[in-house]
Enquirer: 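To start, I am sharing the structure in question, which I have written as structure tokens.
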Amino acid sequence: MKLVTAIIQPHRVDEVRAALEAAGVKGVTVSEAAGYGRQKGHTEVYRGAEYTVDLVPKTRLEILVEDADAASVSEAIVAAAQTGKIGDGKVWTVPVDDVARVRTGEHGADAL
Amino acid sequence: MKLVTAIIQPHRVDEVRAALEAAGVKGVTVSEAAGYGRQKGHTEVYRGAEYTVDLVPKTRLEILVEDADAASVSEAIVAAAQTGKIGDGKVWTVPVDDVARVRTGEHGADAL
Amino acid sequence: MKLVTAIIQPHRVDEVRAALEAAGVKGVTVSEAAGYGRQKGHTEVYRGAEYTVDLVPKTRLEILVEDADAASVSEAIVAAAQTGKIGDGKVWTVPVDDVARVRTGEHGADAL
Amino acid sequence: MDSPNVAWLLTAASLVLLMTPGLALFYGGMSRSKSVLNMMMMSFSAIGVVGVLWVLVGFSISAGDTVGGWFGNPGADFGMASVFQAGTEATELDGSEFDLILAAFGATFAIITVALISGAVADRMKFSAWLIFAGLWAVLVYSPVSHWVWGGGFLSDDFLFEGMTAPQDIAGGTVVHINAGVAALVLCLLLGVRKGFGKEPFKPHNLPFVMLGSALLWFGWFGFNSGSWWEADVFAAQIWLNTLVAPAAAILAWLLVERIRDGKATSLGAASGVVAGLVAITPAALSVSPLGAIAIGLLAGVASALAVGLKYKFGYDDSLDVVGVHLVAGLVGTLAVGLFATDLNAFGDAGLFYGGGMSLFVSQVIAAVVVMAYCAVVTLVIGLAIKYTIGLRVSEDVEVAGIDLAEHGETAYEEAK
Amino acid sequence: MDSPNVAWLLTAASLVLLMTPGLALFYGGMSRSKSVLNMMMMSFSAIGVVGVLWVLVGFSISAGDTVGGWFGNPGADFGMASVFQAGTEATELDGSEFDLILAAFGATFAIITVALISGAVADRMKFSAWLIFAGLWAVLVYSPVSHWVWGGGFLSDDFLFEGMTAPQDIAGGTVVHINAGVAALVLCLLLGVRKGFGKEPFKPHNLPFVMLGSALLWFGWFGFNSGSWWEADVFAAQIWLNTLVAPAAAILAWLLVERIRDGKATSLGAASGVVAGLVAITPAALSVSPLGAIAIGLLAGVASALAVGLKYKFGYDDSLDVVGVHLVAGLVGTLAVGLFATDLNAFGDAGLFYGGGMSLFVSQVIAAVVVMAYCAVVTLVIGLAIKYTIGLRVSEDVEVAGIDLAEHGETAYEEAK
Amino acid sequence: MDSPNVAWLLTAASLVLLMTPGLALFYGGMSRSKSVLNMMMMSFSAIGVVGVLWVLVGFSISAGDTVGGWFGNPGADFGMASVFQAGTEATELDGSEFDLILAAFGATFAIITVALISGAVADRMKFSAWLIFAGLWAVLVYSPVSHWVWGGGFLSDDFLFEGMTAPQDIAGGTVVHINAGVAALVLCLLLGVRKGFGKEPFKPHNLPFVMLGSALLWFGWFGFNSGSWWEADVFAAQIWLNTLVAPAAAILAWLLVERIRDGKATSLGAASGVVAGLVAITPAALSVSPLGAIAIGLLAGVASALAVGLKYKFGYDDSLDVVGVHLVAGLVGTLAVGLFATDLNAFGDAGLFYGGGMSLFVSQVIAAVVVMAYCAVVTLVIGLAIKYTIGLRVSEDVEVAGIDLAEHGETAYEEAK
Ligand SMILES: Nc1ncnc2c1ncn2[C@@H]1O[C@H](COP(=O)(O)OP(=O)(O)O)[C@@H](O)[C@H]1O
Ligand SMILES: Nc1ncnc2c1ncn2[C@@H]1O[C@H](COP(=O)(O)OP(=O)(O)O)[C@@H](O)[C@H]1O
Ligand SMILES: Nc1ncnc2c1ncn2[C@@H]1O[C@H](COP(=O)(O)OP(=O)(O)O)[C@@H](O)[C@H]1O
């Protein structure tokens with residue numbers, strides 16, 4: 001099994017979720033993050049002095065998938081999250097040894 | 001080494017922590033998350049119009065363990081977090097190449 | 001490719017970021033976490049009764065790097081985040097199958 | 001003016017000034033966290049812009065010698081010079097004092113009326129456009145309309161109502177609430193809907209702020225309504241009591257509508273009920289008995305609770321329900337005077353249910369319609385003028401990222417570090 | 001009533017009304033973030049329910065012609081019809097006016113007393129059960145007890161204290177605080193403890209709200225205490241000064257207890273000290289000197305700071321310490337009058353330390369005990385009646401997930417999006 | 001004192017007391033979330049410490065029989081015993097009443113002045129050191145200086161200004177704002193800068209709190225300024241109006257400076273503008289016309305908006321800009337009286353622009369300089385004494401982890417669980 005992790009623009013979450021549903025993914029875990037990268041942050045002025053805020057808010061999605069689906073799920077996310085502007089984010093895939101569903105104790109593909 | 005990640009119901013954190021301690025785990029990293037899945041969210045009414053909130057709050061636990069402990073730690077979490085209701089969450093295990101302890105720079109099992 | 005994850009003290013973020021830039025890392029994803037471990041939390045008194053708060057706030061950094069850079073990036077983080085006090089945190093490295101840049105759809109090292 | 005009345009009016013004026021920051025909190029809590037500052041700034045800047053303009057010309061337009069009933073001569077008391085001089089030169093308590101505290105009191109009404117409008121334009125109006133709008137509207141709409149109703153102008157019995165039953169509006173159902181409600185409707189139509197309108201709920205980011213804001217409004221409203229009688233006597237007490245029980249009843253009514261329609265009674269509903277009840281009792285507080293006030297509160301609570309959903313049906317983005325609450329409950333209150341005004345009423349004429357026949361009701365309708373018509377036309381002209389010069393609206397990018405950062409360079413909340 | 005007194009009472013009544021939303025914030029900040037709205041809604045709905053009921057029958061039960069000293073005839077002034085008519089028909093300032101502003105003032109006391117109780121039932125009481133409880137308790141407990149103490153009823157020198165030293169209670173140590181504190185204790189015993197009680201700290205989710213809430217309470221309390229004298233004169237000034245220094249001293253006392261016992265002086269302690277000091281000076285403010293007020297503040301601060309821990313010992317879940325603060329400090333203040341009342345006292349009788357002997361103290365004890373007994377019994381009956389019909393408590397699932405979502409369909413805070 | 005004036009002063013004193021919690025919110029919102037409670041606790045504890053000390057000796061030092069013009073005899077009215085006795089024994093309205101309400105009113109001024117200082121020492125002062133500082137400063141600096149200006153002491157025309165034009169300071173430009181501003185400067189120099197000063201922005205963690213805090217300050221300030229005239233008459237009305245329009249103008253001025261210099265007009269700027277305008281009009285409100293008030297508001301807004309940046313240049317960590325706002329705007333207002341005081345002025349002498357020549361201006365300068373010098377010296381002595389005994393500052397570890405947890409054992413906000 002694989003774990004696909006995506007860091008995307010917060011305002012693309014709904015589009016990505018829709019794409020994942022279309023791709024047959026049944027569950028997703030979502031969390032807040034922030035990133036540095038090519039995308040520049042913004043400057044704020046406080047009491048006449050300027051400061052740069054370079055952490056940009058992002059959303060992290062984590063999706064457990066069967067090996068065979070990893071590539072297509074990853075592509076689906078890229079397609080749905082893309083705006084073409086710097087800062088659109090990253091999607092990466094990591095190998096997973098095992099997955100368990102807490103409710104039932106099932107393992108492997110059944111646990112997804 | 002392995003990284004065991006668990007997505008559980010927020011109100012089961014204390015039970016899981018106790019189980020981990022019993023299993024000899026010395027450290028855990030905890031963060032907030034939210035999930036979609038089989039579990040349905042709730043509907044909210046705002047100004048007479050209904051909206052579905054389908055992200056359900058979850059807690060993420062990350063535990064670095066030696067290879068040999070991965071399965072038992074994972075089972076301990078499942079046992080402690082289980083309520084039997086939909087939405088209890090997932091536990092997965094990922095291979096880890098290397099771990100370092102920041103304070104000392106130690107590597108490998110010594111760093112846990 | 002590798003994913004280097006670091007759990008560090010929140011007030012060392014700026015130092016670590018500087019070290020990563022020096023090491024040629026171009027992007028980082030940051031999120032909030034909290035940890036249990038050897039480091040003790042603090043006690044709070046509420047209405048005359050004492051409670052222990054043992055979750056300590058931490059910051060998580062995630063950095064995707066080429067295989068060859070994993071060790072040096074990990075060392076750079078350890079060096080920059082170290083204060084020598086208990087609770088400085090952990091850095092671990094996980095193998096990554098694939099990375100994509102959302103903006104362009106590029107894969108692999110180009111996507112970093 | 002007598003010293004006890006001055007004592008009360010100093011208090012009342014302070015209370016009314018507090019309403020505008022209270023409104024800022026009420027509206028700010030209802031906004032999303034990325035636009036709360038801009039929302040609050042529309043109220044704070046209204047205090048700045050309208051406060052200064054009131055001293056310069058607003059007071060004179062509102063209370064100066066009438067120019068054919070249409071407006072007071074703006075030059076008559078530029079900078080409040082004569083009211084100030086007359087007041088401070090008086091060596092003993094006489095009529096001149098009256099003017100200075102009342103002139104000050106009037107400023108707070110002008111300010112809050114302008115600020116009320118801002119709820120309809122959340123998240124998307126240029127701050128510069130707002131500042132200009134606020135100033136022009138205060139001078140061209142609020143000041144003349146207050147002259148008509150309270151300055152012996154067009155809507156007094158010297159002019160339109162000569163020989164008719166004079167309309168009753170103790171504290172500004174027409175001048176303040178109907179006026180602001182109509183302006184809100186026109187302005188949000190000119191601005192267009194927000195990205196996501198009707199799809200996303202745009203839920204309040206901080207409901208305790210909304211509740212606290214509604215409480216500060218209520219607290220201030222006692223000064224607003226009871227202060228409008230200018231004397232600390234039994235009629236002020238009557239107004240006070242009605243200003244307590246009408247919103248109390250409106251809370252219950254709003255929660256009941258929600259309970260029946262949606263299954264749950266919400267805190268947003270309670271806070272909105274407070275405001276709807278306050279708006280409705282504003283014109284009526286001196287005209288009705290406590291039981292009449294309860295009836296008006298119940299009517300307003302039901303009417304506004306139902307009305308706030310209309311924007312989704314008709315597609316105007318009255319973001320924080322200025323139309324649904326201020327226009328609707330303002331009309332409910334203004335018209336209800338024609339029904340519930342008692343024969344013990346300090347104004348004189350009773351309403352339909354107290355044996356006064358239809359004539360008061362008809363006058364109330366006429367006053368409401370005149371104000372609505374004038375306000376709609378002039379607001380439209382001001383809004384269009386701004387739209388086609390500097391523009392009314394920020395870009396979509398700014399709207400998505402949050403107007404606070406783009407227009408004010410700030411974010412409302414800073415995480416722990 | 002004289003115009004200056006009306007001026008002050010209009011203000012005082014406004015101040016007291018603000019106390020209930022202030023309390024909502026004080027209690028709301030102490031709640032967890034998943035139940036803050038429900039907590040605030042208990043206060044807001046108390047304004048709705050009790051405000052309307054006061055006009056209908058509460059005022060009449062409290063101030064109407066006495067029925068054997070037990071309560072005023074509820075039909076005597078249903079809907080406040082006669083007090084309204086008498087007031088508005090008066091053409092000059094006379095006694096009738098007195099009634100209308102005081103009738104209005106009284107409503108705000110009934111409201112806050114009911115709202116105070118809600119702190120004991122945080123996180124777990126059905127909203128529908130609360131609404132019914134609030135209405136019944138206001139009519140069956142608050143209104144008669146206020147009749148006994150302030151309406152010339154059972155606890156006046158026409159009845160129980162005939163021929164004895166009359167108890168002194170300027171602003172409601174018995175009627176408001178002891179009364180609410182006992183009701184809180186009974187109700188939380190009926191409800192049972194929250195899941196996790198004694199194990200989890202249930203810490204306040206927003207301490208700045210708690211502090212701001214305590215400040216709004218203090219601000220309003222000046223109207224509560226000084227307004228209860230009904231005249232704007234030197235005695236009102238005395239009350240005002242005592243209402244300043246008793247809580248000031250109580251802050252210091254509470255912080256000192258914490259410093260000694262726990263090592264740290266907390267902001268929750270400071271805010272709680274404010275309220276404890278205010279509660280204790282409520283019955284005493286007209287009876288004691290500023291130095292007496294400081295002494296009472298210190299006593300109340302120490303007593304309540306120690307008392308809030310008792311719930312863990314005895315196992316009653318008085319969630320936000322209504323018993324520890326209102327009942328305990330209410331008793332401290334009520335009894336302290338018997339000790340510290342000076343011989344310059346407008347009521348007449350001095351306390352033990354000022355040469356008045358024990359008789360005033362004894363009367364204070366009797367008044368407190370009578371109110372406690374009546375309140376305990378009637379609250380128990382009301383509570384049991386609700387428990388065995390619609391039920392008092394939400395399910396455990398709702399408690400864990402948060403009562404705001406289940407009962408009101410809302411969450412207090414919305415993250416940035 | 002007449003009953004109407006008592007009615008107004010009861011209100012005014014309540015309003016001024018509210019200013020201190022308002023300030024707590026204003027400052028608390030500007031702090032980081034890990035130190036908001038400590039910041040608010042400095043204000044709350046000031047109420048406790050100074051409130052009690054005022055009753056014990058402060059009032060007597062301020063208003064007691066003068067000892068050579070330097071201070072009132074602290075034993076003259078220890079515990080306010082005689083003012084209390086004189087007041088309550090009076091059977092009719094006479095001068096004695098006057099004293100009790102004014103003595104109470106005075107307490108609120110002492111409290112807020114001390115609390116103002118705390119903004120300069122955010123995040124790093126030991127709480128115990130603050131408590132001691134607050135008490136000593138109230139007794140050794142505030143009380144004597146208020147005696148000089150308002151108690152017929154050194155800065156009255158019985159002493160320094162004998163035969164000269166008396167300085168005009170209706171509500172405390174010198175006693176309150178210049179005094180607090182200088183103390184803030186001295187104390188923050190003694191404490192040293194915070195870790196990260198000049199590198200990190202230390203941004204406000206909750207700007208809605210800052211705005212609400214500024215609004216509560218403004219609301220309370222009406223009592224502060226208008227109450228200082230002691231009578232509810234036309235001059236109180238004049239003060240009220242000026243207290244409205246000066247801050248209104250200052251908001252506009254501050255926003256304009258920001259717009260020009262930084263490109264964006266901020267909410268922090270608007271809230272700061274409110275305070276700067278209020279500070280500047282404090283000494284001037286009875287001396288100037290509404291147009292004069294607008295001018296002073298504009299000047300203060302510009303001056304303070306520019307001055308808040310100076311700390312980065314000169315390297316003193318005036319954390320929340322007490323110097324930039326209170327000292328600078330306090331000086332602007334105090335000196336502006338010498339220019340803008342009209343000839344209709346209740347004090348008598350006109351300023352330079354109204355034909356009064358330079359003499360009033362000179363007196364204003366002298367009064368300001370004397371207060372600054374005395375305050376600087378005595379604050380330095382107090383500060384050094386604490387520094388070299390128990391120490392002024394927490395450890396760097398505490399500063400980094402957050403002073404709330406270390407000094408109060410609390411965190412302001414609790415996440416949902
Ligand atoms: N090497 C990296 N490791 C982890 N996260 C990264 C890395 N580079 C970028 N990111 C994440 O991706 C986000 C977008 O990256 P950025 O370089 O700004 O734009 P783009 O991916 O469009 O070139 C960053 O905000 C960060 O969260
Ligand atoms: N494929 C998945 N990948 C990542 N997280 C998942 C996945 N499926 C479920 N989850 C997480 O597990 C939680 C519980 O899943 P859900 O399907 O609701 O219940 P259950 O696991 O009991 O069947 C979700 O809220 C989500 O956080
Ligand atoms: N086994 C583990 N798995 C995951 N995270 C861990 C583990 N042990 C420690 N941590 C994280 O590292 C942090 C520091 O660990 P701790 O034991 O307190 O100090 P140190 O690493 O200096 O010995 C913890 O707060 C936790 O977030």
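Keep in mind that the numbers below use all heavy atoms, side chains included, and drop hydrogens, waters and symmetry copies. Every chain is numbered from 1 and lettered A, B, ... according to where its sequence line falls, protein lines coming before strand lines.
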Enquirer: When only pairs under 4.5 Å are counted, which of E/Ile239, E/Leu291, E/Leu344, E/Asn345 shares the most heavy-atom pairs with chain F?
Expert: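 With the most close heavy-atom pairs to chain F, the winner is E/Leu344.
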
Enquirer: Given the options F/Leu37, F/Leu212, F/Val49, F/Leu216, which has more heavy-atom pairs under 4.5 Å with chain E than any of the others?
Expert: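 Maximum pair count with chain E is reached by F/Leu37.
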
Enquirer: Any sub-3.5 Å donor-acceptor pair from F/His408's side-chain atoms to E/Ala265's backbone N or O?
Expert: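 Here the side-chain-to-backbone pair exists.
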
Enquirer: What part of F/Leu10 gets within 4.5 angstrom of chain E, counting heavy atoms only: side chain, backbone, both, or neither?
Expert: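 It is both, since atoms from each part get that close.
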
Enquirer: Check the pair E/Glu231, F/Val6 against side chain to side chain contact (heavy atoms under 4.5 Å, CB included), reporting the backbone distance first and the verdict last.
Expert: CA-CA 9 Å; E/Glu231 313 224 349; F/Val6 175; over 6 Å; no

Enquirer: Check each atom of E/Ile251 against the heavy atoms of chain F and say whether the ones under 4.5 Å are side chain, backbone, both or neither.
Expert: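 Side chain only.
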
Enquirer: Do any of residues 50-62 of chain F have a heavy atom less than 4.5 Å from a heavy atom of chain E, and if so, which, in residue order?
Expert: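 Only F/Gly51, F/Val52, F/Val55, F/Leu56 of residues 50-62 of chain F have a heavy atom under 4.5 Å from chain E.
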
Enquirer: Report yes if the side chains of E/Pro208 and F/Val36 come closer than 4.5 Å at any heavy-atom pair, otherwise no.
Expert: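 Yes. Closest side-chain heavy atoms under 4.5 Å.
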
Enquirer: Which value, rounded to the nearest 0.5 Å, describes the distance between F/Ser43 atom OG and E/Met211 atom CE?
Expert: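 Going from OG on F/Ser43 over to CE on E/Met211, the span is 8.5 Å.
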
Enquirer: Between E/Thr243 and chain F, which part of the residue has a heavy atom less than 4.5 Å away: side chain, backbone, both or neither?
Expert: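 Neither part.
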
Enquirer: Please state whether the side chain, the backbone, both or neither of F/Ala24 comes within less than 4.5 Å of a heavy atom of chain E.
Expert: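 Contact with chain E is absent: no heavy atom of F/Ala24 under 4.5 Å.
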
Enquirer: What residue in E/Phe219, E/Phe222, E/Tyr413 has the most heavy-atom pairs under 4.5 Å with chain F?
Expert: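 Among the listed options, the one with the most contacts to chain F is E/Phe219.
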
Enquirer: Is the closest side-chain heavy-atom distance between E/Phe209 and F/Phe209 below 4.5 Å?
Expert: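 Yes. Closest side-chain heavy atoms under 4.5 Å.
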
Enquirer: Where on E/Trp221 is there a heavy atom nearer than 4.5 Å to chain F: the side chain, the backbone, both, or neither?
Expert: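 No part of it gets close to chain F.
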
Enquirer: Heavy-atom distance under 4.5 Å to chain F: side chain of E/Pro247, backbone, both or neither?
Expert: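 Contact with chain F involves no heavy atom of E/Pro247 at all.
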
Enquirer: What part of E/Thr11 gets closer than 4.5 Å to chain F, counting heavy atoms only: side chain, backbone, both or neither?
Expert: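 For E/Thr11, the side chain is the part near chain F, not the backbone.
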
Enquirer: Out of E/Leu244, E/Thr411, E/Leu15, return the one with the most heavy atom pairs under 4.5 angstrom to chain F.
Expert: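 Among the listed options, the one with the most contacts to chain F is E/Leu244.
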
Enquirer: Can you tell me which of F/Gly48, F/Gly28, F/Ser45 forms the most heavy-atom pairs within a distance under 4.5 Å of chain E?
Expert: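 Greatest number of close heavy-atom pairs with chain E: F/Gly48.
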
Enquirer: Picking from F/Gly79, F/Ala412, F/Pro4, F/Gly220, which has the most non-hydrogen pairs under 4.5 angstrom with chain E?
Expert: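 Going by pairs under 4.5 Å, I would pick F/Ala412.
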
Enquirer: Would you sort out whether E/Leu241 and F/Met80 count as a side chain to side chain contact (heavy atoms under 4.5 Å, CB included), showing the intermediate values?
Expert: CA-CA 10 Å; E/Leu241 180 57; F/Met80 288 191 172; 3.4 Å; yes

Enquirer: Out of E/Ala7, E/Ala246, E/Ser289, E/Ala249, which one racks up the most heavy-atom pairs below 4.5 Å with chain F?
Expert: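 If we count pairs closer than 4.5 Å to chain F, E/Ser289 comes out on top.
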
Enquirer: So which residue, E/Ala250, E/Ala215, E/Pro290, ends up with the most heavy-atom pairs under 4.5 Å with chain F?
Expert: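 So the answer, after comparing E/Ala250, E/Ala215, E/Pro290, is E/Pro290.
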
Enquirer: Got a list of side-chain donor-acceptor pairs under 3.5 Å for residues 267-276 of chain E, not counting sequence neighbours?
Expert:
{"unit_1": "E/Ser267", "atom_1": "OG", "unit_2": "F/Glu410", "atom_2": "OE1", "d": "2.9"}
{"unit_1": "E/Ser267", "atom_1": "OG", "unit_2": "F/Glu410", "atom_2": "OE2", "d": "3.3"}
{"unit_1": "E/Ser272", "atom_1": "OG", "unit_2": "C/Arg47", "atom_2": "NH1", "d": "3.0"}
{"unit_1": "E/Ser272", "atom_1": "OG", "unit_2": "C/Arg47", "atom_2": "NH2", "d": "3.1"}
{"unit_1": "E/Ser272", "atom_1": "OG", "unit_2": "E/Leu268", "atom_2": "O", "d": "2.6"}

Enquirer: Side chain from CB out, backbone as N, CA, C, O: work out which of these in E/Leu252 comes under 4.5 Å of a heavy atom of chain F, or both, or neither.
Expert: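 Side chain only.
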
Enquirer: What verdict does the side chain to side chain contact (heavy atoms under 4.5 Å, CB included) test give for E/Leu207 and F/Asp404, after you've listed the backbone C-alpha separation in whole Å, the side-chain angles of each residue and the deciding distance to 0.1 Å?
Expert: CA-CA 11 Å; E/Leu207 281 163; F/Asp404 284 357; over 6 Å; no

Enquirer: If you apply the rule side chain to side chain contact (heavy atoms under 4.5 Å, CB included), what do you find for F/Leu131 with E/Leu255, and how did you get there?
Expert: CA-CA 11 Å; F/Leu131 293 176; E/Leu255 294 183; 5.8 Å; no

Enquirer: Does any backbone or side-chain atom of F/Leu25 lie under 4.5 Å from a heavy atom of chain E? Answer side chain, backbone, both or neither.
Expert: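 When you check distances to chain E, only side chain atoms of F/Leu25 fall under 4.5 Å.
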
Enquirer: For the residue pair F/Ser14 / E/Trp240, report whether a side-chain donor-acceptor contact shorter than 3.5 Å exists.
Expert: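 Yes.
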
